[in-house]
Amino acid sequence: MQYLFTPAAVVSVPVVGKTEQFPVHRIYCVGRNYEEHAKEMGFSGREPPFFFLKPANTLVFAPSGQTVDMPYPSLTKNLHHEIELVVAIGKGGKNISAANAMQHIYGYAVGLDMTRRDLQNEMKKQGRPWCIGKGFDHSAPMGPITPVAQAGDVENAEIYVQVNGQDRQRSHVSKLIWNIAETIEHLSAAWELQPGDLIFTGTPEGVAAVVPGDTLVGAVAGLGEIQVHVR
């Protein structure tokens with residue numbers, strides 16, 4: 001088949017202990033999925049989960065033990081960090097039950113859902129989509145994927161991010177409002193999940209701004225760290 005121009009390369013992420021790459025299909029994100037974060041954003045309780053997407057090419061791979069650069073994005077004066085556990089789907093499906101959901105997971109990773117908060121908030125006020133606040137270039141730094149068998153007790157793991165060596169966010173994955181299996185159940189009712197899908201599962205309390213020159217170190221226990229320098 002001939003194309004008018006060269007197609008974009010497949011976005012992929014390395015897998016711990018493998019030579020093969022994990023090809024990325026879609027990036028789904030869960031909003032307000034930790035109770036304390038929901039409260040700091042003006043909400044509370046176990047509200048039905050909601051989702052938004054980032055383009056696959058917003059992903060920035062952060063190799064273990066290395067610091068990657070993230071350019072400070074245009075149009076914003078309030079760039080926020082959101083540390084998240086990322087679930088990598090290896091087996092697709094639609095209307096997956098929570099009881100069967102874990103069978104669809106290939107592995108886990110550490111990710112950052114970077115957010116142009118001022119733009120997001122302005123779109124909310126106007127009742128407009130806030131893709132501009134979430135789906136911009138370089139907005140999804142992420143580490144390598146650890147296969148399920150090597151990931152340990154992810155559902156109870158500590159999750160944190162530090163900025164310039166100081167704690168900003170620190171919690172446990174067990175505090176998710178909608179746990180991993182429930183999230184997959186709800187998400188797969190709206191979209192048919194495919195191998196290669198990534199799910200950013202939500203962020204705990206403590207989101208705050210970063211500025212050029214800041215260095216972020218984020219981790220989920222058992223999955224290693226990612227280091228991102230904002231320039």
Side-chain angles (χ1 to χ4, degrees), residues 1 3-16 18-31 33 49-64 66 68-76 79-94 96 101 104-116 119-120 123 129-148 180 183-184 186-203 216 218 220 223-224 226-228 230:
M1 181 179 293
Y3 298 97
L4 291 173
F5 47 85
T6 303
V10 173
V11 176
S12 63
V13 184
V15 177
V16 174
K18 300 281 187 181
T19 56
E20 301 92 344
Q21 298 270 120
F22 182 93
V24 178
H25 179 240
R26 290 177 177 168
I27 300 176
Y28 297 98
C29 302
V30 189
N33 202 22
F50 69 93
F51 308 97
F52 58 92
L53 287 84
K54 289 177 181 272
N57 63 1
T58 62
L59 192 151
V60 178
F61 176 60
S64 298
Q66 299 182 35
V68 297
D69 280 344
M70 175 192 171
Y72 195 90
S74 61
L75 302 179
T76 185
L79 177 67
H80 278 207
H81 57 74
E82 298 190 9
I83 188 68
E84 311 211 3
L85 168 70
V86 181
V87 174
I89 297 296
K91 175 184 175 184
K94 188 167 178 61
I96 300 166
H104 292 257
I105 299 173
Y106 177 81
Y108 301 97
V110 184
L112 283 163
D113 167 20
M114 303 302 292
T115 302
R116 294 193 282 203
L119 301 186
Q120 181 193 32
M123 293 300 102
W130 31 275
C131 306
I132 194 171
K134 288 287 191 178
F136 55 94
D137 295 343
H138 314 290
S139 64
M142 176 182 162
I145 294 170
T146 301
V148 168
I180 296 167
T183 294
I184 291 173
H186 283 279
L187 186 60
S188 67
W191 291 274
E192 182 172 356
L193 296 182
Q194 301 290 334
D197 285 339
L198 299 174
I199 306 171
F200 280 58
T201 56
T203 196
L216 293 78
V220 175
L223 304 180
I226 60 172
Q227 299 182 47
V228 177
V230 183

With a 4.5 Å limit on heavy-atom distance, are the side chains of H138 and F136 in contact?
no
Taking T201's backbone N and O only, do any of them form a donor-acceptor pair with N33's side chain (distance below 3.5 Å, no angle check)?
yes
Roughly how far apart are E84 CD and D113 CG, rounded to 0.5 Å?
5.0 Å
Contact summary for G90 and P195, nearest pair of heavy atoms
O-CB, 3.6 Å
Which residue, L223, T146, I145, forms the side chain to side chain contact (heavy atoms under 4.5 Å, CB included) with V16?
T146
Return the CG to CG distance between N57 and D137, rounded to the nearest 0.5 Å.
7.0 Å
Starting at CZ of F22, measure out to CG of L198 and round the result to the nearest 0.5 Å.
5.5 Å
If every non-hydrogen atom of P144 is compared with every non-hydrogen atom of A62, which pair is closest and at what distance?
CD-O, 3.8 Å
E192 side chain to G93 backbone, donor-acceptor under 3.5 Å
no
Hey, are the side chains of H80 and M114 touching, using non-hydrogen atoms and a 4.5 Å cut-off?
no
Test your reading of the model: is there a side-chain donor-acceptor pair from R26 to the backbone of L193, 3.5 Å cut-off?
no
Does any non-hydrogen side-chain atom of Y108 lie less than 4.5 Å from one of I180?
yes
Beyond-backbone contact of D197 with L187, side-chain heavy atoms, under 4.5 angstrom:
no
Flag, side chain of S139 to backbone of G135, donor-acceptor distance under 3.5 Å
no
Test side chain to side chain contact (heavy atoms under 4.5 Å, CB included) on V148 and Y106 and set out the steps.
CA-CA 6 Å; V148 168; Y106 177 81; 5.9 Å; no
Answer yes or no: is there a side-chain heavy-atom contact under 4.5 Å between L79 and M70?
yes
For T58 against P55, the heavy-atom pair lying closest together:
OG1-O, 2.7 Å
Checking Q21 against S12: is there a side-chain donor and acceptor pair closer than 3.5 Å?
yes
Measure across P49 and H186 and return the closest heavy-atom pair with its distance rounded to 0.1 Å.
CG-CG, 3.5 Å
If you take all heavy atoms of A109 and M142, which pair is closest and at what distance?
CB-CE, 3.7 Å
So, for L119 and G133, which heavy atoms are closest and what is the spacing to 0.1 Å?
CB-CA, 4.4 Å
Between atom CD of Q194 and atom NE2 of H104, what is the distance when rounded to the nearest 0.5 Å?
12.0 Å
Passing candidate, side chain to side chain contact (heavy atoms under 4.5 Å, CB included) with L112, options V60, T203, V228, V86:
V228
Can you tell if the side chain of I27 reaches within under 4.5 Å of the side chain of F200, non-hydrogen atoms only?
yes
Pairwise side-chain contact, E82 with K134, heavy-atom cut-off 4.5 Å (strictly under)
yes
Going by heavy atoms in the side chains, are C131 and M123 under 4.5 Å from each other?
no
Going by the angle between their ring planes, with limits at 30° and 60°, are W191 and Y28 parallel, tilted or perpendicular?
tilted
Taking NZ in K18 as the centre, count heavy atoms belonging to other residues, nucleotides or ligands within less than 6.0 Å. Is the count above 12?
no
Gap separating the CD1 atom of I184 from the CD1 atom of I105, nearest 0.5 angstrom:
4.0 Å
As an exercise, state the distance from OG1 of T183 to CG of L85, rounded to the nearest 0.5 Å.
10.0 Å
